[in-house]
Engineer: 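This is the structure I want to talk about, given as structure tokens.
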Amino acid sequence: MGNGSCKLIIHGGAGRLEGKVATKEQYRLGLCEALGPAYETLCEKGARAGVMHAIRLLESDPIFNAGTGSKLQRDGRVRMSAALMDSEDAVFSGVINIYDVEHPIEVAHSLRDESHHVLSGSEATEYARRKGFGFHDPITMARFIEYRKALRSREKFGTVGAVAVDEKGIVAAGTSTGGVGHEIPGRVSDSASVAGTFADSAGGVSCTGKGEHIINQAVAAQVVSRLRDNIPLKRILTELMKEGASRKHEFGLISLDRNGKFGVRSTRRSISVLYALKDSQHELNFTDGGRNLIL
Ligand code: ASP
């Protein structure tokens, strides 16, 4: 497989909503370090493998709110959610509120082969153990300190995600999150739902921002279903963000359509998605690509 038409876009959450564990430059570097290797995997092994590689790298980087470095919930524990979908077999698989694993996205991936594709809580964690995923404590000192300063961390979000199209035209999308921080234990995020992560042959989307808002607008599934109706990505995103802004919603997204058009948008100027993208002609990130990007 060559890399002529491979396209990859990844995100590291929603700008100022990320919390204070790293600087903008550190987020940029973290994204750029994941982008190159994941792009190679995409071109060699296809869209799903590229998305998985990107998310695994971002889950391992402690500055991002996913996997190691996830935010703590109100009871001081980390519960993570992740999901994956691609257009090859159109299976959505995910884990909700899983704990003590290193890579929630890998557990989500493993659920593709089961008869039930989404598991939550202790049962998701037990499933991971049965599948050989070892114990891993994702809590970092920086997140623990952030948790202790409860007021400052409240209402800050963060997540990682990736959307890819490979040379065969297969689209894949994945998202992984530690949640919003200080949430009621047991809260269900948008990330492991079709509102936060969706892909089919028309396109793929990964969202970030306030999960409740993303679910209210069924964002990812709605974008893809409008793409299926042949509405241009730019128009879809403009309408959706306008609606979100009018409802005072706070979220953003990364997306790719079947023609390889990239889209990054958010409902508010203050929520700029931290993203990086690559294809054979471009390599851009949020510091040079602008807030509302259609490429
Ligand atoms: N959407 C995630 C959630 O609500 C958080 C985020 O993307 O920042 O759990």
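All ligand and atom numbering here is 1-based and tracks the order in the structure.
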Engineer: For ligand 1, which atoms have a heavy atom of Asp190 less than 4.0 angstrom away?
Structural biologist: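 Here the atoms of ligand 1 in question are 1 (N), 2 (C), 3 (C), 4 (O).
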Engineer: Between Glu126 and Arg129, is the closest basic N to carboxylate O distance under 4.0 Å?
Structural biologist: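 Here Arg129 does not pair with Glu126 in a salt bridge, since their nearest N and O are not under 4.0 Å apart.
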Engineer: Is there a heavy atom of Gly13 sitting under 4.0 angstrom from any atom of ligand 1?
Structural biologist: no
Engineer: Would you say Tyr147's side chain and Arg74's backbone share a donor-acceptor pair under 3.5 angstrom?
Structural biologist: yes
Engineer: Let me confirm one number: the CD1-CG distance from Ile10 to Leu31, rounded to the nearest 0.5 Å.
Structural biologist: 5.0 Å
Engineer: What do you reckon, does Gly179 put a non-hydrogen atom under 4.0 Å from ligand 1?
Structural biologist: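 Yes, Gly179 has heavy atoms under 4.0 Å from ligand 1.
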Engineer: If you measure from atom 4 (O) of ligand 1 to every heavy atom of Arg187, Glu183, Glu250, Lys210, which option wins on shortest distance?
Structural biologist: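 Among Arg187, Glu183, Glu250, Lys210, the closest heavy atom to atom 4 (O) of ligand 1 belongs to Arg187.
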Engineer: Assess whether a salt bridge exists between Lys131 and Glu114, defined as any Lys/Arg side-chain N lying under 4.0 Å from an Asp/Glu carboxylate O.
Structural biologist: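 Salt bridge between Lys131 and Glu114, a charged N being under 4.0 Å from a carboxylate O: yes.
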Engineer: Taking Thr41 as the fixed residue, which of His53, Arg48, Arg56 is the one that meets the side-chain hydrogen bond (donor to acceptor under 3.5 Å, both in side chains) rule?
Structural biologist: His53
Engineer: In ligand 1, which numbered atoms sit nearer than 4.0 Å to a non-hydrogen atom of Thr208?
Structural biologist: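 Ligand 1 atoms under the 4.0 Å threshold to Thr208: 6 (C), 7 (O), 8 (O).
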Engineer: Test your reading of the structure: does Gly211 have an N or O sitting under 3.5 Å from an N or O of ligand 1?
Structural biologist: yes
